[in-house]
Amino acid sequence: MEQDKIFERLMQLVIRYYHDRDQGKFVDYLDPGTLRQRLGLEDERGRGDWDALFTWVEHYLAHAVNTSNPAYLNRMWAGANLPSVVGEVIAAVTNTSACTFETAPVSTLMEKYLLQAMLDLVGFQGGCGQMTTGSSNANMLAMMAARNGLRPEVKQQGLFGGQKLFALVNADAHYSMDRAANILGLGTSHLLKIPVDGHGRMRIDALEERLAEVVAGGGKPFFVVATAGTTVRGGYDLLEPLLALRERYRFWLHVDGAWGGAVIFSDRLRRQFLPALEQADSFTLDFHKMLGTALMCNVLLFNRRPSFLREVCSAGDESYIFRQGEDGEIRDLGTLSLQCGRRVDSLKWFLDWKFYGREGLAERVEHYLELCRYAEDQVGRLPELEMVVPRESFNVCFRFRPPEGIPAEPFNKALRERMHRSGRALVGTGYVNGQLVLRLLITNINVGKPEIDRFFQSVIATGRELLAERSGRP
Ligand SMILES: *Cc1c(COP(=O)(O)O)cnc(C)c1O
């Protein structure tokens, strides 16, 4: 049958791609104009033609960024775990929506099982949770829950004319907080950004001052976010002083662990980075970042409020789709969600969870931290490089140190660009205290000490090249 051949052909391509994934360059870089031409996107041929279809697939693969390649050190995720890739393929082949038990019986039970396992791991009692489309969405949902928890009438009446609500976050918090403030009718000027200390953590004195100011001005500080692993710098906000402030101000304390929340799998790292997490009101974690599950894969957990997600999310006439379980039990996860169609994300996470186990994931995260320590040591050892700020956790914020008289920012930007276009390596950038940093992130199981050494050598070689060109030498 034709479809058997198609699957064979597909699997051959997949096998070939996967086999070479940690070899060669991480990308065959073309600028957007050239790539557009190369792809021939307007080509009309190919209707009903499988050969033509596979040519498109080959084009795609030829210029895809190989995120499993150890030179891909750019983002908080890299090549996915193989068990989760298996899950993705099955989810694509079976194509269903995880919004009802009827359409997704197995994934619904897997998701419920996983949510309970995660609630137990975090230590949330009698809570509830949801797999969302990522931490951006989870952060918004947590803010929405805090808003509606405080002002249940907002669901019907909106925010018009009420007391002003304020959310307070680390100045380095993820931009999804600003977007949430926009979407939820707060307005971004009611998202207060708290300056950080030398470790990239919210300054508690500054937070306290802002809280008092808001209250004195007649506003309500309803939502405070602790970031567990800030995106650029890797700072962990201290939870204990925030919990003490919560006693006084009665806000909702959300922990954004999109990146650094992965420490919960290791008892040792959890004690070091996230003590008292079990007392927060909500927590989000991306499985698709440090833990390596295929994109997108996230969980949002609420402490104590077992039916809260439903209260917050459900609205409108759902009678055509959702059914009550016997004894009023929630059977359809779509009732707890802001989406209608939901991707089956539970399968890939379930397969990773069973395959690696909690210990395996803990070892992975501990190993990454060890490699980050190694990377920081190497930066200290190599005279061409310098740390811009000391490492707080998993983020290594360094740069090439150009000679006197050459400004570091444009030089490092050019260096990064050169490394990208030549396919040598891709490393992230960001700003810490107004200074550009190269942000090295290790989230790839194919990266070990030799790959880190090779990366730094390649940074140094590229820097030297740029310096040689500047001085007009070949
Ligand atoms: C990555 C990140 C997010 C956004 O997560 P997505 O899953 O990409 O939406 C939010 N917060 C922090 C701290 C992050 O690092």
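For ligands, and for the atoms within them, numbers begin at 1 and follow the listed sequence. All values below were derived from every heavy atom in this structure, side-chain atoms included, with hydrogens, water molecules and symmetry-related copies excluded.
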Notebook entry, point to check: Going by atom types only, do Ser176 and Asn139 share a side-chain donor-acceptor pair under 3.5 Å?
Noted result: yes
- Ionic contact status for Glu417 with Lys413, cut-off 4.0 Å: no
Quiz prompt | N or O pair under 3.5 Å between Ser176 and ligand 1 | solution = no
min-distance protein heavy atom vs atom 9 (O) of ligand 1 -> Ser136 OG, 2.6 Å
| message | Pairing donors with acceptors under 3.5 angstrom, does anything connect the side chains of Arg416 and Thr429? | response | no
I'd like to know if Asp172 pairs up with Lys193 as an ion pair, taking the criterion as any Lys NZ or Arg NE/NH1/NH2 lying under 4.0 Å from an Asp or Glu carboxylate oxygen. no
Per-atom filter on ligand 1: closer than 4.0 angstrom to a heavy atom of Ser135 are 3 (C), 4 (C), 5 (O), 6 (P), 7 (O), 9 (O), 10 (C)
the protein heavy atom lying closest to atom 1 (C) of ligand 1 turns out to be Lys289 NZ, 1.4 Å
Here the atoms of ligand 1 under 4.0 Å from any heavy atom belonging to His288 are 7 (O)
query = Among the heavy atoms of Gly229, does any lie under 4.0 Å from an atom of ligand 1?
reply = yes
- What about the rings of Phe394 and Tyr368, do their centers lie closer together than 6.0 Å? no
So the atoms of ligand 1 within less than 4.0 Å of a heavy atom of Asp286 turn out to be 5 (O), 6 (P), 7 (O)
- prompt: Do any nitrogen or oxygen atoms of Thr231 lie less than 3.5 angstrom from nitrogen or oxygen atoms of ligand 1?
  reply: yes
- Going by distance alone, is a donor N or O of one side chain under 3.5 Å from an acceptor N or O of the other, for Trp252 and Ser282? yes
**Study point:** Donor-acceptor pair, side chain of Lys155 and main chain of Glu311, under 3.5 angstrom
**Key:** yes
TODO: May I ask you to decide if Val388's main-chain N or O and Gln435's side chain share a donor-acceptor pair within less than 3.5 Å?
DONE: no
The protein heavy atom nearest to atom 13 (C) of ligand 1 is Asp256 OD2, 3.3 Å
Note: ligand 1 atoms sitting under 4.0 Å from heavy atoms of Trp259 are 15 (O)
Min over His174, Met177, Met140 of heavy-atom distance to atom 4 (C) of ligand 1 lands on His174
Q. In terms of side-chain heavy atoms, does Tyr374 have a donor or acceptor partner in Asp453 at a distance below 3.5 Å?
A. yes
Discussion item. For Asn298, state whether at least one heavy atom is located under 4.0 Å from any atom of ligand 1.
Written reply: no
Ligand 1 to Ala258, heavy atom cutoff 4.0 Å, flagged ligand atoms 2 (C), 3 (C), 10 (C), 11 (N), 12 (C), 14 (C)
_With respect to Thr133, determine whether any N or O atom, backbone or side chain, lies less than 3.5 Å from an N or O atom of ligand 1._
no
